Amino acid sequence: CVQAAYPLGTMTCDDIASFASEAMSWRKEGQTREQVLAALDMRTYNDPVEKKNLTAIVDMVFGPYGRNWTVESAGNVMRTDCMKGR
């Protein structure tokens, strides 16, 4: 069995959850995946893995999964996934 925990850099699971909710609110406001990814490019990161993680969250929020999520559930799903080490 391979350890599946992903590296979080300086982020916590709560940080991941909070970003997922934030990204979901951008989707609900009508922003496109491309607009959000462009905004990610402007951010400063403490660790390169953080951008990779946030990009993966944006892909999920703006993909098929995100169609059924609310702002709150997006954060809850990502926090649970993070705590399980996915």
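Only this structure's heavy atoms are used, side chains among them; waters, hydrogens and symmetry mates stay out. Worth saying up front: this structure is predicted, and the values here are computed from it rather than measured. Residues take their numbers from the sequence shown, with the count starting at 1.
Evaluation of the salt bridge (charged side-chain N to carboxylate O under 4.0 Å, His left out) rule for Arg79 yields Asp14 as partners, not counting sequence neighbours. For Thr32, the side-chain hydrogen bond (donor to acceptor under 3.5 Å, both in side chains) partners are Gln35, not counting sequence neighbours. With sequence neighbours excluded, no residue forms a side chain to side chain contact (heavy atoms under 4.5 Å, CB included) with Thr44. Among residues two or more places apart in sequence or in another chain, the side-chain hydrogen bond (donor to acceptor under 3.5 Å, both in side chains) test is passed with Ser73 by Thr70. Residues passing the side-chain hydrogen bond (donor to acceptor under 3.5 Å, both in side chains) test with Glu72, sequence neighbours excluded: none. Listed by chain and residue number, Pro7, Asp47, Asn53 satisfy the side chain to side chain contact (heavy atoms under 4.5 Å, CB included) test with Val49 (two or more places apart in sequence, or in another chain). Listed by chain and residue number, Lys51 satisfy the side-chain hydrogen bond (donor to acceptor under 3.5 Å, both in side chains) test with Asp41 (two or more places apart in sequence, or in another chain).
Listed for the Ser21 side chain is no donor-acceptor partner under 3.5 Å among the backbone atoms of Ser18.
For the pair Met60 and Met78, the minimum side-chain heavy-atom distance is below 4.5 Å.
Summarising the geometry of Ala74 relative to Trp69, their closest heavy-atom pair is CB-CE3, 3.7 Å, with the distance given to 0.1 Å. Nearest approach of Thr10 to Glu50, heavy atoms of both residues: OG1-OE2, 2.6 Å.
Taken to the nearest 0.5 Å, the CZ atom of Arg43 stands 5.5 Å off from the CG atom of Leu54. Residue Asp81 holds its CG atom at 9.5 Å from SG of Cys13, rounded to the nearest 0.5 Å. Distance check: Asp15 CG to Thr12 OG1 gives 3.0 Å after rounding to the nearest 0.5 Å.
Listed by first and then second residue, the salt bridge (Lys or Arg N to Asp or Glu O under 4.0 Å) pairs that reach into residues 26-35 are Arg33-Asp59, sequence neighbours excluded. Counting only residues at least two apart or in different chains, ring-ring contact (aromatic ring centres under 6.0 Å, His included) contacts with residues 13-49 comprise Phe19-Trp26.
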